[in-house]
There are 2 protein chains.
Amino acid sequence: MVRMADVAREAGVSAMTVSNVLNQRRPVAAATRARVLAAAESLGYEVNLTARHLSAGRTDTVALIVPSFHDYFGEVADEIAPLIEAEGRHLVLERTSASPEQEMESLSIARLQLYDGVLLSVASLDRQQLERVRTSKPIVLLGERDAPDRFDHVRLANEEGARLATAHMIERGSRRIVALGCTLERGHTMNSDRRVGWELAHEQAGLPVDERLVVPIATYSSQAARAALEGAIAAGLEFDAVFAATDVIALGAVAALADHRLRVPEDVQLAGFDNLDVSRFVPPGITSIDPNHQGVAQHAVRLLHRRMADGAAPAEHIVVPVDLVVRGSTRP
Amino acid sequence: MVRMADVAREAGVSAMTVSNVLNQRRPVAAATRARVLAAAESLGYEVNLTARHLSAGRTDTVALIVPSFHDYFGEVADEIAPLIEAEGRHLVLERTSASPEQEMESLSIARLQLYDGVLLSVASLDRQQLERVRTSKPIVLLGERDAPDRFDHVRLANEEGARLATAHMIERGSRRIVALGCTLERGHTMNSDRRVGWELAHEQAGLPVDERLVVPIATYSSQAARAALEGAIAAGLEFDAVFAATDVIALGAVAALADHRLRVPEDVQLAGFDNLDVSRFVPPGITSIDPNHQGVAQHAVRLLHRRMADGAAPAEHIVVPVDLVVRGSTRP
DNA sequence: CTGTTAGCGCATTCAG
DNA sequence: CTGAATGCGCTAACAG
């Protein structure tokens, strides 16, 4: 390994001068500068970032910690990356496997010290566990779970999105709308908040809420969603629309409906949530709630930036508005 | 910030003893040990990993560098992560935006020094640019591009996969098969190799190869694929099947075919490549080539592991076999 | 079993 | 404009 001292010796200067040339921190005589650059080049020198980080006390790197790398989180990450890079920092992704243990570990101060700031996409930690996280590192929470007020937090307008999608299908004539992947449990989680929105749409339309239409699923996968809806159909549940808690779930619903030769939207209307790319292309196009990734990304980075500048600033809690995107899976 | 020295003072021992207790490196008297742990706990001490990394000369961290975080790469990353973690290391993702500049920068020795090993998913660097990468850091290349022999490299059996999918549709009666998202250009790239497989299937079946059926696309998006196929249809291209270079492209084809009321598979058969989750659920199910993510992940991690153990070992070039997964988009 | 010394490679501070 | 001294926090090697 080539160190700065090696370059210094080769160029006949001190290490400090090498540092100054390479970082353009102080003016250096042109001739000296040229010699240093030549020496660095010929030895193939590159700065040791670990040493720089230790010395500087910062890493110019931000971590985005997600439950898993694919689907929704990958898409958000691609939105966040350029915003972080625009400020001259690097973004790295780590994942927690959505297990509370790993999510806690990734929050250990040790791991945090590698980064100047952390965006944590909370999937499974509850309020109490988050309460125990004590660190002065800038952290911004992303996601739909309830969290302590002292954290900056960006979440979606889950209720409003679910209400919009459900109201839209009521307006287009449906009266028995399955809430697939939702839950009757209370407490702020993504699938509970979305069920509340589904209820709200019924109340606002003066329709009764039939809790049998809430069909929970085992895991947030298309496979589980397909199985759950098949099960509901087999059990004789009557319905004329499906509100799916996520687009991944909606995709499972598409498959289950096709298996039973139920036409979308003629027999059953369908709407999802997340506006994944795939929803534009699966015929007849899946009506969905656009979660405004860009807005999420912008707020998250803005809050983190602010927090890194001022650790004592009061916490902000952002609810990012969402939009209904109408496609062929709901009736005109 | 609490340092080891603070804990040492609090516990009335030396820093070395604190280190030994926390890392279980050397036996420590039970009483001392207890005092150290109590002190660490009460002060809220956590080791500074940057300092440890500098001192130890390693980071126990592997980077997976990908062109973008979503879709294919996110799925592979989720396969690789547990294998890395099983060896007691951490995995982080960085992205290059698929620009050659950034891909080169992520390969700068400086950046590499942060990691004990690097898995680089090559999207846009050509052989010549890779040739210029000089480093003793363990690197394993992933991806379909041609690369210098001195690198360990894991790629898919692209030709064979494309041949399988095309031959399958020929067998099921198609004679004019569009190669959507492929290219007539020579040289080892993903979409060139897959075109070669498409050709090969024709030759083996004794069928002529009509180059007008090769329909390239502007970007690897469903949107671009949809537009390209619409364009081909509008231009009067006659075909009875589509081999899509990727499943993302196949999804665009599904949309384009639906727009033109062409039934799959009755009017047009369709097969893709990548076996994305979505392909199982889009009616009638998209026949696809399974890229064997798990095999890719296992080989990549194995090669990296080997390389980290022995920097001088001869480079291995793995071609991971692929499988045809038949679904409803091709005829029985 | 525990402590001392020294150094990982860089960059800030102060001197010249 | 350039250099020397010093510290970032941890741990390997050596003493005791």
Side-chain angles (χ1 to χ4, degrees), chain A residues 1-37 39-40 43-61 108-116 135-137, chain B residues 1-37 39-40 43-61 108-116 135-137:
Chain A
M1 160 168 306
V2 185
R3 291 153 328 174
M4 209 139 108
D6 300 321
V7 178
R9 189 167 346 94
E10 176 85 5
V13 298
S14 75
M16 231 14 259
T17 299
V18 176
S19 175
N20 286 329
V21 169
L22 266 32
N23 300 306
Q24 310 179 27
R25 204 169 297 279
R26 294 196 302 196
V28 172
T32 320
R33 188 183 148 70
R35 255 185 308 135
V36 168
L37 289 176
L43 295 178
Y45 172 77
E46 300 253 359
V47 65
N48 179 328
L49 290 179
T50 302
R52 172 181 289 175
H53 293 169
L54 178 61
S55 180
R58 55 192 179 73
T59 61
D60 293 325
T61 301
S108 82
I109 306 194
R111 210 62 207 154
L112 292 191
Q113 278 177 334
L114 291 173
Y115 306 111
D116 292 348
T135 169
S136 57
K137 275 286 164 180
Chain B
M1 162 167 307
V2 185
R3 292 150 327 166
M4 210 161 194
D6 300 321
V7 178
R9 190 169 346 95
E10 176 84 5
V13 298
S14 76
M16 228 19 250
T17 299
V18 176
S19 175
N20 286 328
V21 169
L22 265 34
N23 300 306
Q24 310 180 28
R25 206 170 296 277
R26 293 195 302 196
V28 173
T32 318
R33 189 182 148 70
R35 254 183 310 136
V36 168
L37 290 176
L43 295 179
Y45 172 76
E46 300 252 0
V47 65
N48 180 326
L49 290 179
T50 302
R52 172 180 289 174
H53 293 169
L54 177 61
S55 179
R58 54 190 179 71
T59 61
D60 293 325
T61 301
S108 82
I109 309 204
R111 209 67 205 150
L112 291 190
Q113 278 176 336
L114 291 174
Y115 306 110
D116 291 348
T135 169
S136 57
K137 275 285 164 181

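Proteins come first, then strands; the chains are lettered A, B, ... in the order of their sequence lines, and each starts at number 1.
Side chain of B/Ala29, nearest nucleotide from D/dG3, C/dC1, C/dG3: C/dC1.
Contact check, B/Thr17 against C/dG3: a side-chain N or O comes under 4.0 Å of OP1 or OP2.
Checked against side chain to side chain contact (heavy atoms under 4.5 Å, CB included), B/Ser19 has the following partners two or more places apart in sequence or in another chain: B/Met4, B/Met16, B/Asn23.
When heavy atoms are screened at a 4.0 angstrom cut-off, B/Thr32 is found touching the sugar-phosphate backbone but no base atom.
Using a 4.5 Å heavy-atom cutoff, the side chains of B/Val21 and B/Thr32 are not in contact. Considering only heavy atoms from C-beta on, A/His53 comes within 4.5 Å of B/Leu114 through its side chain.
Looking at which nucleotide of DNA chain C each of B/Leu54 and B/Gly12 is closest to, the 5′-most match is held by B/Gly12.
None of A/Val13, A/Asp6, A/Val47 except one satisfies the side chain to side chain contact (heavy atoms under 4.5 Å, CB included) rule with A/Val18; the exception is A/Val13.
Protein atom NE2 of B/His53 is 11 Å distant from nucleotide atom C1' of D/dC10, rounded to whole Å. In this structure, A/Arg9 atom CZ and D/dG3 atom C1' are separated by 16 Å, rounded to whole Å.
The two residues A/Val36 and A/Val7 make their nearest non-hydrogen contact at O-CG1, 4.0 Å. A pairwise comparison of heavy atoms in A/Gln113 and B/Thr50 identifies O-OG1, 4.1 Å as the closest pair.
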(Q) Each nucleotide in nucleotides 10-16 of chain C should get exactly one letter: B, S or -. Can you fill that in based on protein heavy atoms under 4.0 Å? (A) BBB-B--

